[in-house]
Amino acid sequence: MSFFPAKDPAPGDAQAADAIDLVIVPRSVDVGHFAVRRALPHVNRRMVGPFIFFDHFGPAEFRTGQGIDVRPHPHIGLATVTFLFDGEIMHRDSLGTAVAIRPGEVNWMTAGRGIVHSERTAPDHRKDGEPIHGLQCWVALPAAEEERAPDFAHHDSAALPLVSEEGKTVRVVAGSAYGERSPVRTLSDTLFADVTLMAGAVLPIDAETEERAVYLISGEVDIAGDRFAAGRLLVFRPGDPITLTAVSDARLVLLGGASMDGQAKADWKLARFDTVPGDDKEFIPLPE
């Protein structure tokens, strides 16, 4: 999906807790039967890790005969990520893929040098109407991967690791979190997790990931004495551990990864580069 030409709202950029770099109130646009809120890109923050677009659509209820009808359109040089909380969307693309995505599942479409896809509500799901609620993000690819062959991967909810303890449940959609690693293949250091919290539950967020943010889907959370309501993207400062407490039952998404400018440094540290023949005995570390 791609929507938008709405302006950024005036409020929402006030700094709160010391570890929070920016609080973003998404701009919103009505696309017919439901609203879409875009948190990224923002006038003060273009990306968080590789995430260059972050759209939250719904929750909404389609009436009988209604649904999503995003006609075939192209993407190039990036990946699109779709994750649903409610409803169903039928994905078709120029690779021959035809798959329905449902709550707790993920579609990860790597456009590379070019792909065409459509997203629609299937006819049998229009009969009685149904809810729709989810996220769609665009993930930038490293420059060396922008012309790669297009690819599509669907992972159902059972394939995504689930961590449940002490009033919190974390579904690791991409990357590693809380001792679990997602099977979703990414082309740069990427973090994406769906988190539900009972009131009073505490969520620690370590500083291992270079760029991190939390988007609040529902409920209210407390960070260092400051409270934040749903519909906010909280961008954290690099290097600072965070402790988040649910004031009420809450749902949020944890996202981030290596900055695209810093991806080469991250790959160097992980020894992903080839060695230099005849000069591979000692590596000079890059500055921190």
Side-chain angles (χ1 to χ4, degrees), residues 3-4 6-31 33-49 51 53-61 81 83-87 103-104 131-137 166-171 173 177-178 191-206 209 211-237 240-256:
F3 314 97
F4 270 80
K7 294 182 179 180
D8 292 318
D13 297 323
Q15 186 172 302
D18 288 344
I20 296 177
D21 186 46
L22 186 66
V23 180
I24 294 175
V25 177
R27 55 199 188 276
S28 182
V29 67
D30 190 336
V31 295
H33 305 306
F34 57 91
V36 177
R37 290 166 294 284
R38 175 162 290 175
L40 292 173
H42 184 266
V43 64
N44 292 327
R45 184 78 184 211
R46 190 170 69 93
M47 303 172 69
V48 176
F51 291 89
F53 280 83
F54 187 96
D55 287 352
H56 176 203
F57 54 91
E61 190 82 26
V81 182
F83 186 84
L84 294 185
F85 304 114
D86 208 351
I132 190 70
H133 186 201
L135 301 172
Q136 190 165 79
C137 309
E166 300 176 343
K168 54 182 173 286
T169 300
V170 180
R171 187 179 303 278
V173 180
Y178 307 101
L191 173 62
F192 190 87
D194 171 34
V195 182
T196 56
L197 302 172
M198 296 176 61
V202 175
L203 181 73
I205 304 172
D206 65 34
T209 302
E211 295 186 354
R212 304 155 298 155
V214 159
Y215 182 80
L216 299 171
I217 302 294
S218 63
E220 186 179 17
V221 300
D222 178 285
I223 300 175
D226 290 303
R227 292 190 175 190
F228 303 94
R232 302 291 186 272
L233 180 70
L234 312 179
V235 182
F236 303 129
R237 291 193 176 118
D240 290 340
I242 306 292
T243 300
L244 180 154
T245 303
V247 176
S248 62
D249 290 352
R251 189 166 197 170
L252 57 91
V253 171
L254 176 61
L255 66 144

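Because the structure is predicted, anything quoted here is derived from the model rather than measured.
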How many angstroms lie between atom [atom1] of [X] and atom [atom2] of [Y], to the nearest 0.5 angstrom?
X    : Y    : atom1 : atom2 : result
D249 : T196 : CG    : OG1   : 9.0 Å
L233 : L252 : CG    : CG    : 11.0 Å
E166 : L203 : CD    : CG    : 11.0 Å
F236 : I205 : CZ    : CD1   : 4.5 Å
L234 : D21  : CG    : CG    : 11.5 Å
I24  : N44  : CD1   : CG    : 7.5 Å

What pair of heavy atoms forms the shortest contact from [X] to [Y], and how long is it?
X    : Y    : answer
I242 : A19  : CD1-CB, 3.1 Å
R37  : A35  : NH1-CB, 4.0 Å
A230 : S218 : CB-CA, 3.7 Å
P103 : G87  : CD-O, 3.1 Å
L216 : A229 : CD1-O, 3.1 Å
A177 : L191 : CB-CD1, 4.0 Å

Check your understanding: Passes side chain to side chain contact (heavy atoms under 4.5 Å, CB included), Y178 versus V195? Steps please.
Key -> CA-CA 11 Å; Y178 307 101; V195 182; 5.6 Å; no

Review point. Are the side chains of V29 and R38 in touch, meaning some heavy atoms are under 4.5 Å apart?
Key: no

**Study point:** Min side-chain heavy-atom separation F53-V81 under 4.5 Å
**Key:** no

Practice item. Run the numbers on D206 and R212 for salt bridge (Lys or Arg N to Asp or Glu O under 4.0 Å), then give the verdict. Key: CA-CA 9 Å; D206 65 34; R212 304 155 298 155; 5.8 Å; no

**Study point:** side chain to side chain contact (heavy atoms under 4.5 Å, CB included) evaluation trace for R227 with V221
**Key:** CA-CA 6 Å; R227 292 190 175 190; V221 300; over 6 Å; no

**Study point:** Stepwise side chain to side chain contact (heavy atoms under 4.5 Å, CB included) test for D194 and I217
**Key:** CA-CA 10 Å; D194 171 34; I217 302 294; 6.0 Å; no

Point to revise | side chain to side chain contact (heavy atoms under 4.5 Å, CB included) partner of F228, the single match among I20, V247, L244 | key: I20

Check your understanding: Parallel, tilted or perpendicular: which fits the ring planes of F54 and Y215, with parallel below 30° and perpendicular above 60°?
Key -> tilted

Practice item. For the residue pair F85 and H56, categorise the inter-ring angle as parallel (less than 30°), tilted (30 to 60°) or perpendicular (more than 60°). Key: perpendicular

